[in-house]
Amino acid sequence: MKNERKYLSGSLTLLMLAVITLFSSCKKNEEAFSSRKVSFNSDWSFHLNDSIVDKDTIGASTKWRTLNVPHDWSIEGKFDEKSPAGYGGGSLNGGLGWYKKTFKVAAEDSTKVTSITFDGVYKNSEVWVNGHYLGKRPNGYIGFQYQISQYLNYGEKENEIIVKVDNSKQPNSRWYSGSGIFRNVWLETTDKLHVAQWGTYVTTPKVTAEKASVNFETTIQNQNSDSKKAIVTTTIYKEDTKVTSVTQNITIAANANQTLKQSAEVESPILWSDEKPELYTAVTEISLDDKIVDQYKTNFGIRDFKFDLDKGFLLNGKQVKIKGVCMHHDLGPLGSAINTRAIERQLEILKEMGVNGIRTSHNPPAPELLDLCDKMGFIVMDEAFDMWKQSKTKYDYGNDWDRWHKQDLTDQLLRDRNHASIFIWSIGNEIPQQWDESGVKIAKELAAIVRQYDKTRPLTQAMNPPVNMNIDDVTLQFEKKNVQVNPIAASGILDLIGYNYAHQTYEHHKENFPKTPFIATETTSGLETRGYYDNVSDVVKKWPVRWDLKFTDGNPGNTVSAYDQVQAPWGSTHEATWKVIKKHDYLSGMYIWTGFDYIGEPTPYEWPSVSSYFGIVDLAGFPKDVYYMYQSEWTDKTVLHIFPHWNWKAGQTVDVWAYYNKADEVELFLNGKSVGIRSKKGDDLHVMWRIPFQAGTLKAVSRKNGKTVLETEIKTAGNPDNLKLTADRSTIKADGNDLSFVTVDILDANGILAPNANNEINFSLKGNGKIVGVCSGDPVSHESYKGSKHTALNGKCLVIVQSDTKSGRLELTAKANGLKSATIVITTE
Ligand code: GAL
């Protein structure tokens, strides 16, 4: 009940703070903000039962389990070949779940406004407080808030909140959705005169090196029964330093909302960019009778940008290529229950590769993802829908479209429009209605909603290629005579022509769309199993031939070669699309499908595969080889990466690839003997040697002007001998949320990774914390991600450890039959 206690004392703190702030400080006070909005995540009771559909049938005998949200119950279940969620849904079941929680609210808060905010509940949530029905929200990805003051007991009497979550009708998603209260929940308490929910809008209409103008539109809500005269001050801070502030008197009628416009100027602004993501904070304070009654914080960035028909994407006047990836919302073994550190780790891994853009495919993301993108410097395409009225799966959002789409899109815009990282709104992905007039009508309606709330960013839609290229027709190439322009593209509604795949068409963009700049909303769809390679003496299995057909000509065990040679038929290799995008400035950039593997949509739809192969990084967070191709192209790091591993049959012919940069040649040595020097020619992105295998050491040396730039080597591993544990962070916060991601490597007696080892590893943890996820990145594994043992894939496995609220020492041990075990200590503080 830690959070509740904090909440009770919060109201007092706020009063005291108001007084202190008035007389002395012009500094932001974090405490004041955190008492306005407190976490409501802890100590929920949960019960999963498809047959309890009516709240009143919950009885005394109903068995509840205590847990903290964010929570995803589907990830706790077993993979089920017959799951109604289908292979698309990751063969994990949905169902109907109930959550309840009791809580107290301080007596002095009876004069205030209390609201409960859910950042996302998948799906069809219905909420009651003390028996009063608050409402329903079908869309699982959008945040929503209910005001609950009028239903609360104040003081010592308990309150009860009940949430019904109905994800029982399946299938309703093309990918793994997860089920439950899978994002954060907040309790918000304000004065009756307060900034409305998502009530600020900060824009920077003019930006130069000398000066930026900053406009604020602030919606103030007066829930008093009399009109109020108040002073609204908006102060801009850079970190803790006050930059400037504007003040205005307002008179606001009883029970009314009023939107106030203010503007300020920032001298010599420090601009936000993907490379230097500098943020400012606007603090809105409402004062009534000399007391500050509300304080509200909005982070924003000052930046100037444009999508140009000739120059592509210009950020602060500089041409920046968007090197983006699409991401679904699941966090691999953690399922869809959001955890800020887990999102941050994904983004860190992507940043290291040189990624500077994220597409939130195909729904509004968790707010924490956007906060991190603001802070870490990603160019975000914020996407709203995967379908409009016409469904893609039987029970999906198409069924809720008529009643909910206006509100859901409006809420997404209001929630997200201050984020410095968002540069593009996408109103949909591969919408089935895009080819006829019904789609044009909807697109116009959605575009009007977007522009009503934000005109500062361009609007796109991830269309199928503008020629009606049936994705099954892999032979169709773009030819001018075939152009049958997508009616939405032709309608002029879109500010950016965005379509998925068909990289063969990109170089015709300016002929086809002479007025509208370009973005590749989704590209590539390469397929790889991390650490698995088909070699030339095997037949390279280019599966799937057709995504909707049975897998007939691939590898047993559904492995896919990790040389960049296998792709979905509608996509391309990684190299092919990047080569085109790289070539022309007017191609603003691309969002690759996908950064990380995700659960579901295993492509082809076939058991035993349960997770995707599209990621450049696998489900556990281990990079596949092509990661280093991008790193060599997209970063300043000096790169030399060779693969595959060096454990083959004697005499077998093996292709060795190298990704490198900052050098003009690479020489390969096998057991000390040169097997040749290679240089990239033209637009090559890798070099290759085809050599007979011989056990030993393969060494590569990259050189520039004859001088060694880098050296790297791979050695033949002996039998698996021992385990090695490496934590991404060995000190974590004792806050009950923080995570340490621990990599397990299976090594031979000489410390060389055993590249084919697939031992089962057992984990145990001593101390105040728990194991919350295990994963090898194997798309055909059916072992639980929530267990304490897991089978490694190609020498590697991941285990995730979470702190609790007591600080101390965690001791994680990994054991496997026949191997020496390993222990690692993680400190929580
Ligand atoms: C696209 C679609 C994505 C994903 C991908 C797989 O057509 O937009 O959601 O299904 O194909 O290649």
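We number each residue from 1, following the sequence as shown. Computation of the quantities below employed the complete heavy-atom set of this structure, encompassing side-chain atoms and omitting hydrogens, waters and symmetry-equivalent molecules.
Remark: Lys579 engages Asp683 in a salt bridge, criterion side-chain N to carboxylate O under 4.0 Å. Using a cut-off of 4.0 Å between Lys/Arg side-chain N and Asp/Glu carboxylate O, Lys406 and Glu445 are scored as salt-bridged. Ionic pairing of Asp382 and Arg417 is not present here: no N-O contact between side-chain nitrogen and carboxylate oxygen is shorter than 4.0 angstrom. Note on Asp597 versus Lys624: salt bridge recorded, some NZ/NE/NH1/NH2 to OD/OE distance being below 4.0 Å. One finds no salt bridge joining Glu368 and Arg341 here, because no Lys/Arg side-chain nitrogen approaches an Asp/Glu carboxylate oxygen to under 4.0 Å. A salt bridge links Arg530 with Asp618: the distance from a Lys NZ or Arg NE/NH1/NH2 to an Asp or Glu carboxylate oxygen falls below 4.0 Å. Between Lys238 and Glu278 there is a salt bridge, with a side-chain nitrogen of the basic residue lying less than 4.0 Å from a carboxylate oxygen of the acidic one. A salt bridge links Arg457 to Asp454: one of the charged nitrogens lies within less than 4.0 Å of a carboxylate oxygen. Between Lys323 and Glu633, none of the side-chain N atoms (NZ, or NE/NH1/NH2) sits under 4.0 Å from a carboxylate O, so this pair counts as no salt bridge.
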One pair to check against salt bridge (Lys or Arg N to Asp or Glu O under 4.0 Å): Asp495 and Lys455. What are the steps and the verdict? CA-CA 11 Å; Asp495 302 312; Lys455 289 194 188 65; over 6 Å; no
Go through the steps to decide whether Met376 and Glu344 satisfy the test side-chain contact (heavy atoms from CB on, under 4.5 Å), and finish with yes or no. CA-CA 9 Å; Met376 296 172 75; Glu344 184 182 50; 4.3 Å; yes
Test side-chain hydrogen bond (donor to acceptor under 3.5 Å, both in side chains) applied to Asn500 and Glu430, step by step: CA-CA 8 Å; Asn500 296 354; Glu430 297 187 354; 2.9 Å; yes
Can you check side-chain hydrogen bond (donor to acceptor under 3.5 Å, both in side chains) on Thr200 and Thr298, steps first, answer last? CA-CA 7 Å; Thr200 57; Thr298 311; 2.7 Å; yes
Go through the steps for Trp578 and Trp634 under the test ring-ring contact (aromatic ring centres under 6.0 Å, His included), then give the verdict. CA-CA 11 Å; Trp578 171 237; Trp634 290 359; 5.4 Å; yes
Walk me through it: do Lys510 and Asp310 pass the test salt bridge (Lys or Arg N to Asp or Glu O under 4.0 Å)? CA-CA 9 Å; Lys510 291 214 273 184; Asp310 296 314; 2.8 Å; yes
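Taking the centre and axis of the six-membered ring of Tyr296, the NZ or CZ atom of Lys37 falls outside the cone set by 45° and 6.0 Å. Geometric assessment of Lys242 against the ring of Tyr237 yields a negative cation-pi assignment under the 6.0 Å and 45° thresholds. For Arg703 and Tyr660, the positive end is not near the middle of the six-membered ring at less than 6.0 Å and at most 45° from its axis. With Tyr201 as the aromatic partner, Lys261 does not meet the cation-pi criteria of under 6.0 angstrom to the ring centre and within 45 degrees of the ring axis.
Side-chain N or O atoms of Lys306 include none that pairs as donor or acceptor with a backbone N or O of Gly312 at under 3.5 Å. Put simply, the side chain of Thr204 never gets that close to the backbone of Val214: no donor and acceptor are under 3.5 Å apart. Looking at Asp411, its side chain never comes within 3.5 Å of a backbone N or O of Asp408 through a donor-acceptor pair. For Thr516 (side chain) and Phe513 (main-chain N/O), no donor-acceptor pair under 3.5 Å exists by modelled atom type. Counting only distance, with no hydrogens or angles, the side chain of Gln407 and the backbone of Trp404 share no donor-acceptor pair below 3.5 Å. For Asp664 (side chain) and Asn705 (main-chain N/O), a donor-acceptor pair under 3.5 Å exists by modelled atom type. Proximity of a side-chain donor or acceptor of Glu528 to a complementary backbone N or O of Tyr613 within less than 3.5 Å is not detected. Under the 3.5 Å distance criterion, the side-chain polar atoms of Thr247 are left unmatched by any main-chain donor or acceptor of Thr233. A distance-only check finds no donor-acceptor pair linking the side chain of Thr573 to the backbone of Asp564 [under 3.5 Å]. Side chain of Trp593 to backbone of Gly615: no donor-acceptor contact under 3.5 angstrom is found.
When all heavy atoms are compared, the tightest approach of Ala366 to Ile338 is CB-CG2, 3.8 Å.
Checked by atom type, the side-chain pair Tyr501/Ser525 shows a donor-acceptor distance below 3.5 Å. Arg359 and Asn429 form a side-chain donor-acceptor contact under 3.5 Å, judged by distance and modelled atom types alone. In this structure, a donor-acceptor pair under 3.5 Å is present between the side chains of Ser421 and Asp374. Between Asn363 and Glu383, the side chains place no donor N or O within less than 3.5 Å of an acceptor N or O (distance only, hydrogens not considered). A donor-acceptor pair shorter than 3.5 Å can be found between the side chains of Ser572 and Thr577. A donor-acceptor pair shorter than 3.5 Å cannot be found between the side chains of Glu601 and Ser612.
In this structure, the separation between CD on Glu267 and CD on Glu210 is 9.5 Å, given to the nearest 0.5 Å. With rounding to the nearest 0.5 Å, the separation of CG in Asn356 from OG in Ser273 is 10.0 Å. For the atom pair CZ (Arg415) and CZ (Phe144), the distance works out to 12.0 Å, reported to the nearest 0.5 Å.
In this structure, Asp386 and Trp175 have side chains that are in contact, with non-hydrogen atoms separated by less than 4.5 Å. In this structure, the side chains of Arg345 and Asp728 come closer than 4.5 Å at one or more pairs of heavy atoms. Contact check for Phe596 versus Ile616: no side-chain heavy atoms found under the 4.5 Å cut-off. By the 4.5 Å heavy-atom criterion applied to side chains, Val320 and Asp274 are counted as neighbours. Two residues are said to be in side-chain contact when any heavy atoms from C-beta on lie closer than 4.5 Å; Leu527 and Gln565 fail this criterion.
More than 12 heavy atoms of other residues, nucleotides or ligands shown are found within 6.0 angstrom of NZ on Lys637. Taking a 6.0 Å sphere around NZ of Lys704, one finds it holds more than 12 heavy atoms contributed by other residues, nucleotides or ligands.
Between His329 and Tyr141, the ring planes lie perpendicular to each other; the angle is over 60°, past the 30° to 60° tilted range. Note: His686 and Tyr659 have perpendicular aromatic rings, judged against thresholds of 30 and 60 degrees for the angle between ring planes. Ring pair Phe518/Tyr499 is perpendicular by interplanar angle, where above 60° counts as perpendicular and below 30° as parallel. Using cut-offs of 30° and 60° on the angle between ring planes, the pair His362 and His328 is perpendicular.
If you look at Trp272 and Phe305, their ring centroids are not closer than 6.0 Å. In this structure, Phe385 has its ring center closer than 6.0 angstrom to the ring center of Trp401.
Annotation: side-chain hydrogen bond (donor to acceptor under 3.5 Å, both in side chains) contacts of Lys318 (sequence neighbours excluded): Glu275.
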